[in-house]
J.: 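Take a look at this one; I'll ask things after.
Here is how names work: the chains are called A, B, and so on, in the same order as the sequence lines, proteins then strands, and each is numbered from 1. Note that the structure is a prediction, hence the values are computed from the model and not measured.
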Amino acid sequence: MIKIEEEIIISNSHGLHARPAAIFVQIANKFDSRVELAKDNEAVDGKSIIAILSLGVNTGCRVRLIAEGNDAQEAFTELKKFLQDSDD
Amino acid sequence: MEKNIIDYLDKDCVILGLKQKSKKNILSAILDHLIQKKKINKADKNPILKVLLQREEMGSTAIGGYIALPHARVDCVKDVLVCFAISSEGLNFDSLDQEVVNIIALLLSNQKEAGMHLKTLAFLARMLRDKYFVQQLKNAKTEEEVLNLLNKQQQIAR
């Protein structure tokens with residue numbers, strides 16, 4: 001079992017509003033690993049759109065991305081890329 | 001957040017028992033209700049509907065868990081307007097999890113309110129991520145009951 005955890009600064013210009021949150025969850029659900037996103041010490045299920053939305057992640061926000069499971073490395077790499085690259 | 005959801009909401013912004021069969025007709029009925037209650041102008045209905053439907057085309061705001069959060073930023077709304085439409089039977093809103101939708105929380109914000117828009121959306125999500133609360137809302141029988149539930153939940157979600 002692999003666990004990867006890292007702080008990431010959101011560069012998407014609108015933050016994680018509804019559509020990017022849905023895409024994030026879509027990516028997370030491709031993997032078996034548990035995914036969590038945390039902001040201000042509140043961690044939520046990275047496979048639930050409503051949970052991600054409830055964090056209110058703006059552009060420039062610092063979040064903690066956590067992936068744990070056998071495919072955690074792949075999940076983490078893809079989700080981190082989405083959080084840093086996407087401009088939806 | 002500086003304001004409570006309830007500050008944007010009175011019982012005129014709660015709709016019970018919608019029966020429409022399509023997303024467009026459901027949104028249209030909600031806007032008709034808001035016109036009738038003088039929350040928006042009649043002339044603004046079609047422009048708002050257009051923006052809401054354009055947003056839905058990019059990806060359904062029925063995000064699973066029996067909830068939909070249709071939202072738009074439009075010039076014709078003064079700061080923020082929130083409206084809750086509740087259907088105990090469930091509506092077809094093209095949900096991402098293929099389930100029906102029982103709670104539609106519509107959010108309209110002024111174009112200038114980008115920050116407040118995302119904050120309000122996040123706050124609605126904080127309230128509605130609680131499955132027990134969603135179940136209670138779904139079973140509410142009156143507008144007053146819905147307002148009381150929302151009022152209680154927003155104290156917890158803050």
J.: What are the two closest non-hydrogen atoms of Gly56(A) and Ala122(B), and how far apart are they?
T.: CA-CB, 3.4 Å
J.: Using heavy-atom distances under 4.5 Å, tell me whether Val25(A) contacts chain B through its side chain, its backbone, both, or neither.
T.: neither
J.: CD1 of Ile49(A) to CG of Leu96(B): how many Å apart, nearest 0.5 Å?
T.: 5.0 Å
J.: Is there a path of hydrophobic side-chain contacts, each under 4.5 Å between heavy atoms of I/L/V/M/F/W/Y residues, joining Leu107(B) to Leu81(B)?
T.: no
J.: Specify which of Val57(A), Asn58(A), Ile52(A) makes the most heavy-atom pairs with chain B at under 4.5 Å.
T.: Asn58(A)
J.: If Ile, Leu, Val, Met, Phe, Trp and Tyr residues are connected whenever their side-chain heavy atoms lie under 4.5 Å apart, and connections chain through other members, are Leu16(A) and Leu55(A) in the same group?
T.: yes
J.: Indicate, with yes or no, if Val134(B) and Phe123(B) share a hydrophobic cluster defined by side-chain heavy-atom contacts under 4.5 Å among Ile, Leu, Val, Met, Phe, Trp and Tyr.
T.: yes
J.: What distance separates Leu121(B) CG from Ser54(A) OG, expressed to the nearest 0.5 Å?
T.: 10.5 Å
J.: Should we count CD of Glu89(B) as having more than 12 external heavy atoms under 6.0 Å?
T.: no
J.: Sort by residue number and list every member of residues 25-34 of chain B having a non-hydrogen atom under 4.5 Å from chain A.
T.: none
J.: Sub-4.5 Å heavy-atom contacts with chain A: which residues of residues 48-71 of chain B show up?
T.: Arg55(B), Met58(B), Ile63(B), Ile67(B), Leu69(B), His71(B)
J.: Could you see if Ile86(B) belongs to whatever hydrophobic cluster contains Leu18(B)? Use Ile, Leu, Val, Met, Phe, Trp, Tyr and a side-chain cutoff under 4.5 Å.
T.: no
J.: Taking a hydrophobic cluster as the set of Ile, Leu, Val, Met, Phe, Trp and Tyr residues connected by side-chain heavy atoms closer than 4.5 Å, whether directly or through intermediates, do Phe76(A) and Ile66(A) fall within one such cluster?
T.: no
J.: Evaluate Leu53(A) against Arg129(B) for side chain to side chain contact (heavy atoms under 4.5 Å, CB included), listing each step before the verdict.
T.: CA-CA 9 Å; Leu53(A) 264 184; Arg129(B) 70 183 179 185; over 6 Å; no
